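See below for the structure under consideration.
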There are 2 protein chains.
Amino acid sequence: MTDQADPGKGSSNVTRPFQASSEDRVYARLRSAIVKRYIGPGKQLVEESLARQLGVSRTPVRAAIRRLVYDGFVEVVPHRGAFVIRPTRREIEDAFAVRIGLERMAARLAAGCVSPEDLACLDELIEEEAVTFGYRNVEAYYRVNDAFHLKLAEASGNRTLRKFVADVLARVNIYLILFDPFMRLEVNPSPEQHRDIVNALRRRDPAGAEEAVRRHLENTLAGLELDKVAEQYPDDYLAV
Amino acid sequence: MTDQADPGKGSSNVTRPFQASSEDRVYARLRSAIVKRYIGPGKQLVEESLARQLGVSRTPVRAAIRRLVYDGFVEVVPHRGAFVIRPTRREIEDAFAVRIGLERMAARLAAGCVSPEDLACLDELIEEEAVTFGYRNVEAYYRVNDAFHLKLAEASGNRTLRKFVADVLARVNIYLILFDPFMRLEVNPSPEQHRDIVNALRRRDPAGAEEAVRRHLENTLAGLELDKVAEQYPDDYLAV
DNA sequence: TACACAGAAATTGTATACACTACTACCAGG
DNA sequence: CCTGGTAGTAGTGTATACAATTTCTGTGTA
């Protein structure tokens, strides 16, 4: 079909600045708005309205929405519109099961090839995590927490695995933010469990790392207030 | 942000015709062209040129390309263009590792909740598979083979898992088609191995099903002519 | 009142024009 | 010959206008 040459993967070694495009900015803002529940579950994303509010045209808004669909935050009905998902309890548990499976695999692999730099980076992230939790800075906390799990996936050395972990993490995050009550807790068990994982990696213990991940994530899942899922959608009372 | 109501998930029970949009048609054609190697690895997808050839505007072409990016068939460089991926041997093996992990999980879960209808459907797909292989109908064969693995994932009852299996399957498929020499074989070991999987499910044997999947997929991976990966990109000789 | 139907309104889907960026080829100066 | 700069060009990024589809609303009829 087309006949052009290839991009020459490494033709340029410099890391160019690549200022964020409108689409990227719109995507980031929409995603953040959904995660913070400014746009609640079930609400419609109207392209023109969002374009006006964000001061851009429909084109980048539309593209950003498609990315959100891909991430699993939004569902589209052709010729009808895009709507923020309303996850069911079952969907949350299912997504978590996939996450656990993928992260266990990552931990097992990482135990075999983790570098001292990786370990240092993971240690550092655990420290940051404790600090941000101390300040009750929700957004920063989730960012650091994500970074830890992504670093773990990266340490597996399997790029595809890292991408899939990133995907399922994004998907699970919205559930976490909707239903995770942990910010109300006095102490956060997460850093301790993260340390267990890193220690197993340091011992080069695949089974131990895998098990530590399993424990940690099942703990996280158990901590969600899933019995509150139904209450989260007041509109449902009208819908019946 | 927006204030509209929800889509009322099941407000309309009728399944509407939903004729395929331009974007869908372009997506299907591009994907098929890549899979059939009409557009080889490394080649650029130029929006305007494709739009002319397909008789549509750039808009649906652009959207279709983004979907291909999401599927992992294509990579984009901002302000430069979209290029068909050139998988390395490592990437192929990595993707396969993820696939094995996810499908093992699916088999394990499916053993616990598979229905007689599911089993019948799987049996049927194995039959079809043998037939299409007999006719050496490559395209039909891959379609049926995919259907089998997707049905297996579906039988797990975990929707998220099904989606992730579909994703990794799409990603692995392009590798299979580029490097799988099996159509030259006299006999195809796949149906037999598929039968092993289904039999384990019928016995409600999670460990057995998982193991059968592992054997089957590791077999498939081993069958790829991965030592030919390098030769697949003649342009590389120029690029050095 | 219930129902069918036509027209209007809202929103997405597509086409097209323009803006911006990155790369290329060429030319002058060392 | 090599280096650096400078139009020119190819191709993406964005804005806007128009077409198509769906849903809503009101009106007429049984």
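The structure presented is a predicted model; accordingly, all values stated were derived computationally and were not measured. Just so it is clear: chains get the letters A, B, ... in the order the sequence lines come, proteins before strands, and each one is counted from 1.
- Remark: B:Arg159 pairs with no residue by the salt bridge (charged side-chain N to carboxylate O under 4.0 Å, His left out) rule, at least two apart or across chains.
- Note on ring orientation: taking the six-membered ring where Trp is involved, the planes of B:Phe133 and B:Tyr141 are perpendicular (angle over 60°, cut-offs 30° and 60°).
- Across all strands, B:Ser22 comes closer than 4.0 Å only to sugar-phosphate atoms, never to a base (heavy-atom distances).
- When heavy atoms are screened at a 4.0 angstrom cut-off, B:Arg66 is found touching the sugar-phosphate backbone but no base atom.
- Taking atom CG on B:Leu50 and atom C1' on D:dT12, their separation rounds to 13 Å, with Å as the unit.
- Of the candidates D:dT14, D:dT21, C:dA22, the closest approach to any side-chain atom of B:Arg80 belongs to C:dA22.
- Rounded to whole Å, the distance from NE2 on A:His79 to C1' on C:dA10 is 13 Å.
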Could you walk me through whether A:Arg58 and A:Glu47 pass the salt bridge (Lys or Arg N to Asp or Glu O under 4.0 Å) test, one step at a time? CA-CA 6 Å; A:Arg58 272 181 58 207; A:Glu47 296 174 3; 2.7 Å; yes
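- When the nearest nucleotides of DNA chain D are assigned to B:Ala82 and A:Pro60 by heavy-atom distance, the more 5′-ward of the two goes with B:Ala82.
- For A:Arg67, the salt bridge (charged side-chain N to carboxylate O under 4.0 Å, His left out) partners at least two apart in sequence or on another chain are A:Glu23, A:Asp24.
- For B:Arg58 against D:dG11, no side-chain N or O and base N or O form a donor-acceptor pair under 3.5 Å.
- Within the structure, every side-chain polar atom (N or O) of B:Thr59 is placed at least 4.0 Å from both OP1 and OP2 of C:dT14.
- Nucleic acid contact for A:Val76: none, since no nucleic acid atom lies under 4.0 Å from a heavy atom of the residue.
- Each of C:dA15, D:dG13, C:dG13 was ranked by its minimum atom distance to the side chain of A:Glu47; first place goes to C:dG13.
- Closest to the side chain of B:Val56, from the set C:dT12, D:dT14, C:dA15, is C:dA15.
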